[in-house]
Colleague: 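Encoded as structure tokens, here's the structure I'll be asking about.
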Amino acid sequence: MRWPLTPRQEQAIVRLLLLFLTALSIFILAFIIFFILRHGLPVLSWEFLVRNPREMGKEGGIFSTIIGTIVLIILALTLATPLGVGTAIFLTEYTPEGRLTRIIRFGSECLAGIPSIIFGLFGFILFVTKLKFGWSILSGSLTLAFMILPTIIRTSEEAIKFVPQAYREVSFSLGGTKWQTVSRVVLPSALPGIATGVILSIGRSIGETAAVIFTAGSALRIPDSLFSSTRTMSVHFYILAREGISLSKAYGTAAVLLISILSVNIFTYYLMNRFLRKYS
Amino acid sequence: MISIEVKNLSVFYGSFQALKNINIKIERQKISALIGPSGCGKTTFLRCLNRMNDLIDEARVVGEVFIDGLNIYEEKVDLLELRRRVGMVFQRPNPFPLSIEDNILYGLKVHRINDPKIMEERLIKSLEAVQLWPQLKNQLRKNALTLSLEQQQRLCLARALAVEPEILLMDEPCSALDPIATARIEELMFELKKKYTIVIVTHNMQQAARVSDFTGYFLLGELIEFGETHQIFTAPADKRTEDYITGRYG
């Protein structure tokens, strides 16, 4: 090939290069998934899912950690979703763009950049010790809720802004109030986007370890109240691997984590497609 | 009979004056067309009549607009009721991404009209008024976005009619439609003026000449001339109007 390249050659080379980069990214992802599933799937069994851990997790299953994870996430979402969506609605629909909105937005973006272990430390100091909630589901879910709040605000805001202005105008021109317009027109149209934010947060929460280990503790019992300590799958995985309790059980836990994140995503896409068909 | 009387109306966007001291009397159950080059303030004027300019943060309206003798810019005016009485159709057909039925009933729902009998009656009546009922009566659950542009615009008109307005504001309602659809919408306007006072903003002078009883010519925020359409198009009183309608300007 002669230098300089003709535009046509350049085009061909760039195309190949980009294809290679794409293939590499997909390969890395696929390799991680394959690696975890290869080591984890053999451990998986019905028993593994429905039995509680015994001997610190060396024997038995991971049932209580599945419960712990689910409870913690549901509670965190229940706290963070109304808070985040409400903030997003206020910022986009109820206040003109200005200093205030910029400050709030800047604040929430800073919040998004804070490492989760800092959230963990904050949750530990405020909820666990100062408010005396102890290592508990309550402390853990409050901390998680704070952590996912920026994501929910951000994605909800984007989704709300994406709703065509024409819909709002029509609603107002028919004599609708602001709230009727927001609740009947804007939010339904923005729902797929808002749901995406919530799902992203579920993903982040399922995998979260640092913030949770500080605030929800690592008890292996099935929790019986908001003030019980609990152990999530990711914390369980961390402890199994870190303390060398059982690498095979750790891989099993990792496989369950991975599969649950995948299923949550697939389920969401399915729901969103159904919703979009109905709504647009 | 006068339906809308505008006195000394000015509108400012920040420091820019979009409308300068407009005075106009609009007749009941007639079609009044507003023409003029882009940016002359005709849409701004239209949006003063149902106070849609309130939605723009930096817009400031000075002056009085009387509808049936009531100044709609007074503080005690019920804005939601005003907008029910003064319906609006927009430039581009903008049905909600909902079913045909839900589009029509939206206005009723926001005004808390829940009686199924009234809802069905209004649904039929407003679709009949825009001549969509025969075609669509068996597919009311269909998504409105699957309709043709002309049907969508008729649906938007029906949606505005469903809350039983007295005045219809149309902001270039045919600009997204082809000439045949435009002609049919214009025919419909003749039908509608038997019941409603219509104010239409149009870019299209021929349209104004064809459909309207009265025409107003806006230029740079001023109402240059307002009078019977026939007179405006054959013997305009103002030189600037003449220049515009003869195509020497704009």
Side-chain angles (χ1 to χ4, degrees), chain A residues 88-105 156-196 269 271-280, chain B residues 46-47 49-58 78-99 102-113 126 141 143-146 152 155-165 167-171 176:
Chain A
I89 294 173
F90 182 76
L91 285 179
T92 48
E93 302 285 329
Y94 283 83
T95 42
E97 277 298 315
R99 232 187 144 73
L100 178 72
T101 52
R102 275 202 300 275
I103 291 173
I104 298 178
R105 209 165 280 134
S156 306
E157 249 198 298
E158 296 296 322
I160 290 170
K161 278 190 195 154
F162 200 70
V163 176
Q165 192 57 27
Y167 293 171
R168 297 183 181 85
E169 288 203 324
V170 172
S171 176
F172 287 128
S173 81
L174 288 165
T177 60
K178 186 130 214 167
W179 174 240
Q180 285 171 332
T181 304
V182 168
S183 61
R184 289 165 186 264
V185 180
V186 177
L187 283 185
S189 307
L191 205 58
I194 295 175
T196 313
Y269 279 118
L271 268 190
M272 255 157 54
N273 276 333
R274 262 187 54 165
F275 181 83
L276 283 176
R277 262 207 299 279
K278 196 178 142 218
Y279 214 86
S280 62
Chain B
L46 199 70
R47 287 169 164 253
L49 303 181
N50 60 347
R51 288 186 57 179
M52 286 293 275
N53 286 329
D54 289 19
L55 302 176
I56 303 168
D57 292 321
E58 66 269 30
D78 179 350
L79 194 55
L80 307 180
E81 174 63 10
L82 167 74
R83 291 192 181 138
R84 186 196 64 73
R85 288 175 56 198
V86 185
M88 191 165 213
V89 177
F90 297 81
Q91 208 164 346
R92 286 202 62 82
N94 52 5
F96 294 125
L98 300 169
S99 69
D102 288 341
N103 264 284
I104 303 283
L105 296 179
Y106 182 83
L108 301 185
K109 285 181 186 149
V110 300
H111 289 285
R112 298 263 158 86
I113 301 170
S126 42
R141 302 298 323 156
N143 191 314
L145 295 178
T146 60
Q152 289 187 19
L155 180 71
C156 292
L157 194 51
R159 180 175 59 189
L161 296 179
V163 291
E164 303 195 319
I167 298 167
L168 275 177
L169 308 177
M170 299 184 168
D171 187 0

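Letters A, B, ... mirror the listed sequences (proteins, then strands); counts begin at 1.
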Colleague: Give, as side chain, backbone, both or neither, the part of Pro95(B) having an atom under 4.5 angstrom from any heavy atom of chain A.
Modeller: backbone
Colleague: How many angstroms lie between atom CG of Leu174(A) and atom CZ of Arg84(B), to the nearest 0.5 angstrom?
Modeller: 11.0 Å
Colleague: Rounded to the nearest 0.5 Å, what separation is found between the CZ atom of Arg184(A) and the CG atom of Leu98(B)?
Modeller: 11.0 Å
Colleague: Which of the residues Thr181(A), Val170(A), Thr177(A) is involved in the greatest number of heavy-atom pairs with chain B at under 4.5 angstrom?
Modeller: Val170(A)
Colleague: For the atom pair CG (Leu55(B)) and NZ (Lys178(A)), what is the distance rounded to the nearest 0.5 Å?
Modeller: 7.0 Å
Colleague: Starting at OG of Ser171(A), measure out to CZ of Arg159(B) and round the result to the nearest 0.5 Å.
Modeller: 9.0 Å
Colleague: Give a yes or no on whether Arg92(B) atom CZ has more than 12 heavy-atom contacts from other residues, nucleotides or ligands under 6.0 Å away.
Modeller: no
Colleague: Considering non-hydrogen atoms only, spot the tightest contact between Pro96(A) and Asp57(B) and give its length.
Modeller: CB-OD2, 3.5 Å
Colleague: Determine whether more than 12 heavy atoms belonging to other residues, nucleotides or ligands lie under 6.0 Å from atom OH of Tyr269(A).
Modeller: no
Colleague: Could you check if a side-chain atom of Ser189(A) sits within less than 4.5 angstrom of a side-chain atom of Phe96(B), using non-hydrogen atoms only?
Modeller: no
Colleague: Are any of the side-chain heavy atoms of Asp54(B) and Phe172(A) separated by less than 4.5 Å?
Modeller: no
Colleague: Could you grab the distance from atom CE of Met88(B) to atom CD of Glu169(A), nearest 0.5 Å is fine?
Modeller: 7.5 Å
Colleague: Measuring from Asn94(B):CG to Ser173(A):OG, what's the distance to the nearest 0.5 Å?
Modeller: 8.0 Å
Colleague: Does any heavy atom of chain A fall under 4.5 Å from the side chain of Val86(B), the backbone, both, or neither of them?
Modeller: backbone
